[in-house]
Amino acid sequence: MEAIMSSDIKRGSVEMTAAMLISGTIGWFVVMSGQPVSGVVFWRCLFGALTLFVICGALGLLRPGIITLRAFGIAVFGGVAIVVNWLLLFASYSHATISIATTVYNTQPFMLLVLGALFLGEKITAAKLFWLALAFAGMAAIVEAKPQTGGTSDSYGLGILMALGAAFFYALAALAAKWLKGTPPHLIALIQVATGMLMLAPMTEFSQLPGDAGGWAILVSIGVVHTGLMYVLLYSAIQRLPTHLTGALSFLYPIAAILVDRLAFGHALQPMQIAGAAIILLAAAGMNLGWMPRLLRPRALES
């Protein structure tokens with residue numbers, strides 16, 4: 001039994017690591033595609049839907065009766081939220097850089113904390129409030145930081161607001177997923193990207209398609225690798241790993257994004273941005289992993 005559990009943890013760790021590293025590179029693909037943001041998200045949804053359709057068919061998830069009409073409606077709502085999330089996140093890259101946008105985007109757990117309290121009756125503990133306050137301090141440091149050379153304060157602020165908006169809509173999608181407990185996650189993902197494809201088709205400029213194989217390869221990769229394959233790896237890892245390990249490995253995503261932004265585009269974080277990013281990631285880690293700040297721990301009774 002222990003050998004099986006150890007094997008599951010090893011495999012799950014590899015899958016989670018791969019999923020987070022794939023996620024961390026998507027900013028490069030989005031920028032290099034040269035496509036409007038709405039176009040990138042449309043093709044992501046289209047190629048992602050094709051990939052997930054094949055996967056769901058192979059898993060036997062397309063048979064009638066596997067999902068109720070109510071669950072389907074909630075999944076569509078989650079799809080709208082996840083697509084708006086992608087639109088805002090990808091648009092924020094050109095204003096606040098991939099590094100800053102991805103770091104700010106990692107305030108998602110705190111958005112979900114508030115939504116969970118409002119709609120699911122989940123309790124907000126003192127420890128969670130502490131991490132929320134710490135994340136706010138990190139956000140304040142990033143907002144106060146000067147934008148990098150070539151940017152403007154207005155554009156930088158807009159990028160941060162877009163990333164925050166993306167985090168909010170991701171939290172809405174996560175809230176929808178909580179309501180869909182027991183529904184096959186690959187099927188939820190398929191419904192979400194299919195919803196996005198229908199949403200964005202009317203506003204996609206099909207006259208601005210890539211003119212070479214390289215451009216199409218980038219869009220196919222965003223759909224097949226960064227959506228279809230990433231979902232499969234992520235959900236498989238979540239099923240195999242304990243929660244604390246899933247939370248810990250999820251921080252490979254912003255780290256990878258920061259490294260890609262630095263190596264590919266030469267965007268180096270300013271000292272105040274580094275401090276703010278570190279504070280936000282620390283707060284998110286404390287939130288995800290359930291850390292109890294020392295100052296909130298009850299003191300041992302003296303004998």
Side-chain angles (χ1 to χ4, degrees), residues 22-55 75-102 104-105 147-148 150-152 154-170 172-173 176 188-231 257 260-261 264-267:
I22 289 171
S23 296
T25 63
I26 193 169
W28 181 89
F29 282 82
V30 170
V31 172
M32 296 306 293
S33 72
Q35 293 288 302
V37 169
S38 60
V40 173
V41 178
F42 170 79
W43 293 109
R44 178 180 195 179
C45 290
L46 174 62
F47 292 122
L50 293 174
T51 305
L52 288 165
F53 183 82
V54 172
I55 292 170
V76 169
F77 166 78
V80 173
I82 205 72
V83 168
V84 175
N85 146 73
W86 286 338
L87 289 170
L88 289 171
L89 180 62
F90 294 169
S92 70
Y93 292 159
S94 61
H95 298 283
T97 76
I98 293 171
S99 300
I100 292 299
T102 305
V104 171
Y105 183 61
Q148 292 186 338
T152 65
D154 289 344
S155 180
Y156 180 70
L158 178 60
I160 290 175
L161 287 175
M162 285 179 169
L164 282 172
F168 173 75
F169 280 99
Y170 181 89
L172 284 180
I188 296 173
L190 173 60
I191 294 171
Q192 288 178 337
V193 292
T195 298
M197 185 176 62
L198 295 176
M199 276 176 60
L200 296 174
M203 63 184 74
T204 300
E205 291 287 343
F206 293 103
S207 60
Q208 298 180 14
L209 300 179
D212 55 21
W216 279 111
I218 288 175
L219 293 178
V220 170
S221 175
I222 291 174
V224 175
V225 178
H226 292 87
T227 305
L229 177 60
M230 195 278 292
Y231 266 117
V260 167
D261 198 23
F265 303 110
H267 292 154

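Side chains included, hydrogens not; waters and symmetry mates left out as well; all remaining heavy atoms used.
Leu229 is linked by a side-chain contact (heavy atoms from CB on, under 4.5 Å) to Ile22, Val225, Leu233, counting only residues two or more places apart in sequence or in another chain. In this view, Ser94 satisfies the side chain to side chain donor-acceptor pair (under 3.5 Å) rule with no residue, not counting sequence neighbours. In terms of the side-chain contact (heavy atoms from CB on, under 4.5 Å) criterion, residue partners of Leu200 (sequence neighbours excluded) are, by chain and number, Val41, Phe42, Val83, Leu87, Met203, Thr204. Residues satisfying the side-chain contact (heavy atoms from CB on, under 4.5 Å) test with Leu209, not counting sequence neighbours, are Trp43, Phe206, Trp216. In this structure, the side-chain contact (heavy atoms from CB on, under 4.5 Å) partners of Ala166, at least two apart in sequence or on a different chain, are Asn85, Leu88, Leu89, Tyr105.
Considering OH of Tyr93 and OG1 of Thr102, their distance stands at 4.5 Å, rounded to 0.5 Å. One finds the CD1 atom of Ile218 at 6.0 Å from the CE atom of Met32 (value rounded to the nearest 0.5 Å). To the nearest 0.5 Å, the span separating CZ on Phe77 from CG on Leu172 amounts to 5.0 Å.
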Item to complete: Start with the C-alpha distance between Thr25 and His226, add both sets of side-chain angles, then the distance that settles side chain to side chain contact (heavy atoms under 4.5 Å, CB included), and finish with yes or no.
Response: CA-CA 9 Å; Thr25 63; His226 292 87; 3.0 Å; yes

Discussion item. Before you tell me yes or no, could you show the steps for Tyr156 and Ile100 under side chain to side chain contact (heavy atoms under 4.5 Å, CB included), namely the whole-Å CA-CA distance, both residues' side-chain angles and the distance that decides it to 0.1 Å?
Written reply: CA-CA 9 Å; Tyr156 180 70; Ile100 292 299; 4.3 Å; yes

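When side chains are defined from C-beta on, Phe47 does not count as touching Ile222, because their heavy atoms never get closer than 4.5 Å. Using a 4.5 Å cut-off on side-chain heavy atoms (C-beta onward), His267 and Ile98 make no contact. Between Phe90 and Ile26 the shortest side-chain heavy-atom distance falls below 4.5 Å. A heavy-atom distance below 4.5 Å is not found between the side chains of Phe169 and Ile82. Residues Trp28 and Phe265 are in side-chain contact: their nearest non-hydrogen atoms beyond the backbone lie under 4.5 Å apart.
For the side chain to side chain donor-acceptor pair (under 3.5 Å) condition, no pair includes a residue of residues 32-41, sequence neighbours left out.
For Ile55 against Gly228, the heavy-atom pair with the smallest separation is CD1-O, 4.3 Å. Shortest non-hydrogen contact noted between Gly223 and Thr51 is O-OG1, 4.4 Å. Of all non-hydrogen atoms in Ala49 and Leu190, the two that sit nearest each other are O-CD1, 3.5 Å. Taking all atoms of both residues into account, the shortest heavy-atom contact from Leu219 to Pro210 is CD1-CG, 3.5 Å. The minimum heavy-atom distance between Ala163 and Ser92, with the atom names listed, is N-CB, 4.0 Å. The minimum heavy-atom distance between Ser99 and Asp261, with the atom names listed, is OG-OD2, 2.8 Å.
In this structure a side-chain-to-backbone donor-acceptor pair under 3.5 Å is missing from Ser221 to Ala217.
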